[in-house]
Amino acid sequence: MDEKKIKQLISEAYQAQKNAYTPYSHWQVGAALLTKNGTVYQGCNIENAAFSPTNCAERTAFFKAVSEGEREFQAIAIVGNAEGQKAGEGDYCAPCGVCRQVMMEFCNPQKFQIILAKNLEEYQIVTLEELLPMGFSLDSCLPDKGEICK
Ligand code: THU
């Protein structure tokens, strides 16, 4: 992916982060998920008084996309920081284990790119396989059906 596209995706993640609903943790996350055909779906984290219904930004983006019929994905940009903290002050916000598993369902672990950004200039790109080695997927339990996002 070229630099311009990466920066565009990071800035969409920051746009999504503005909608984070975080009255409990005050930790605000934004994600921008790029499909294979170039559409971007934004997601933010949405917390809940009962805690466990909380949904991470990454899963919000995936579920929005999948519910719109998308099944093939190229990359996701993720930004996260405490409320009030400025971009660049914190560390990278890596996806939680549950979100990595959701990515595993729809993405090729060797190809899917996860862009972790501190700001528009500082980012690192890792593959899903690097974040979730030996991940369990549709391929593992139904090898003949594992044609998703190859
Ligand atoms: N969170 C995300 O949205 N994505 C992650 O990958 C890590 C955690 C959210 C969940 C919760 O609303 C807050 O960050 C603190 O855990």
Side-chain angles (χ1 to χ4, degrees), residues 1 3 5-36 38-141 148-149:
M1 206 184 321
E3 181 103 9
K5 189 74 219 171
I6 293 167
K7 287 188 194 300
Q8 199 183 317
L9 217 50
I10 295 170
S11 82
E12 288 221 35
Y14 277 115
Q15 236 174 284
Q17 188 190 29
K18 290 188 190 139
N19 293 324
Y21 175 74
T22 59
Y24 307 103
S25 77
H26 303 285
W27 181 257
Q28 305 196 302
V29 185
L33 175 63
L34 179 66
T35 68
K36 270 211 174 151
T39 307
V40 177
Y41 289 85
Q42 297 185 0
C44 62
N45 53 334
I46 304 166
E47 298 187 341
N48 190 281
F51 289 8
S52 67
T54 290
N55 206 55
C56 291
E58 299 88 327
R59 274 177 290 143
T60 301
F62 265 92
F63 295 158
K64 280 171 71 178
V66 172
S67 70
E68 296 297 321
E70 304 285 0
R71 293 291 185 273
E72 299 194 325
F73 304 99
Q74 287 184 52
I76 190 168
I78 304 166
V79 300
N81 51 259
E83 203 178 293
Q85 198 175 31
K86 290 191 193 77
E89 280 180 358
D91 206 348
Y92 295 110
C93 178
C96 79
V98 174
C99 289
R100 294 177 198 199
Q101 185 61 37
V102 167
M103 292 173 193
M104 194 68 202
E105 187 66 29
F106 296 104
C107 306
N108 180 323
Q110 279 130 31
K111 291 186 188 159
F112 187 66
Q113 296 189 304
I114 300 166
I115 304 161
L116 306 174
K118 284 189 191 178
N119 52 57
L120 282 181
E121 311 304 325
E122 284 179 282
Y123 59 83
Q124 56 171 300
I125 303 179
V126 291
T127 63
L128 178 56
E129 190 177 46
E130 287 174 285
L131 293 190
L132 189 64
M134 292 181 75
F136 186 78
S137 72
L138 183 64
D139 259 344
S140 319
C141 52
I148 287 176
C149 210

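For ligands, and for the atoms within them, numbers begin at 1 and follow the listed sequence. Basis for what follows: all heavy atoms, side chains included, without hydrogens, waters or symmetry-related copies.
The closest side-chain heavy-atom distance from Thr35 to Gln74 is not below 4.5 Å.
Put simply, the side chain of Arg71 gets close to the backbone of Val66: a donor and an acceptor are under 3.5 Å apart. For the pair Thr22 (side chain) and Ser25 (backbone), a donor-acceptor distance under 3.5 Å is absent. Although no hydrogens or angles enter the test, the distance criterion places a donor-acceptor pair under 3.5 Å between the side chain of Asn45 and the main chain of Trp27. Side-chain atoms of Gln101 do not come within 3.5 Å of backbone N or O of Val98 as any donor-acceptor pair.
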### Task
Mind running side-chain contact (heavy atoms from CB on, under 4.5 Å) on Val29 and Gln17 for me, showing each step along the way?
CA-CA 5 Å; Val29 185; Gln17 188 190 29; 5.8 Å; no

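In this structure, atom 16 (O) of ligand 1 has its sub-4.0 angstrom surroundings free of protein heavy atoms.
With ligand atoms numbered from 1 in the order given, ligand 1 contributes 13 (C), 15 (C) to contacts under 4.0 Å with heavy atoms of Ser25. Ligand 1 places these atoms under 4.0 Å from at least one heavy atom of Pro95: 6 (O). In summary, the atoms of ligand 1 found under 4.0 Å from a heavy atom of Glu47, numbered by their order in the structure, are 11 (C), 12 (O), 13 (C).
Of all protein heavy atoms, the one closest to atom 8 (C) of ligand 1 is Cys56 SG, 3.9 Å. Nearest protein neighbour of atom 4 (N) of ligand 1, counting heavy atoms only, is Glu58 OE1, 2.9 Å. Taking atom 14 (O) of ligand 1 as the reference point, the nearest protein heavy-atom neighbour is Trp27 CD1, 3.2 Å.
Note: an N/O pair closer than 3.5 Å links Cys96 and ligand 1 by distance alone. Taking any N or O of Thr54, backbone or side chain, none lies under 3.5 Å from an N or O belonging to ligand 1. For Ala57, a nitrogen or oxygen atom sits less than 3.5 Å from a nitrogen or oxygen atom of ligand 1, counting backbone and side chain alike. Checked by distance only, ligand 1 and Asn45 come closer than 3.5 Å through their nitrogen or oxygen atoms.
Considering all non-hydrogen atoms of both residues, Cys107 and Phe73 come closest at SG-CB, 4.1 Å.
A salt bridge is defined here as a Lys NZ or Arg NE, NH1 or NH2 lying under 4.0 Å from an Asp or Glu carboxylate O, and Glu70 with Lys36 fails to meet this definition. With salt bridges taken as basic N to acidic carboxylate O contacts below 4.0 Å, none links Glu68 and Lys64.
Ligand 1 lies less than 4.0 angstrom from a heavy atom belonging to Ala94.
Residue-level proximity to ligand 1 for Cys99 is absent, since no heavy atom of it falls below 4.0 angstrom. Contact annotation: for Cys44 versus ligand 1, there are no heavy atoms closer than 4.0 Å.
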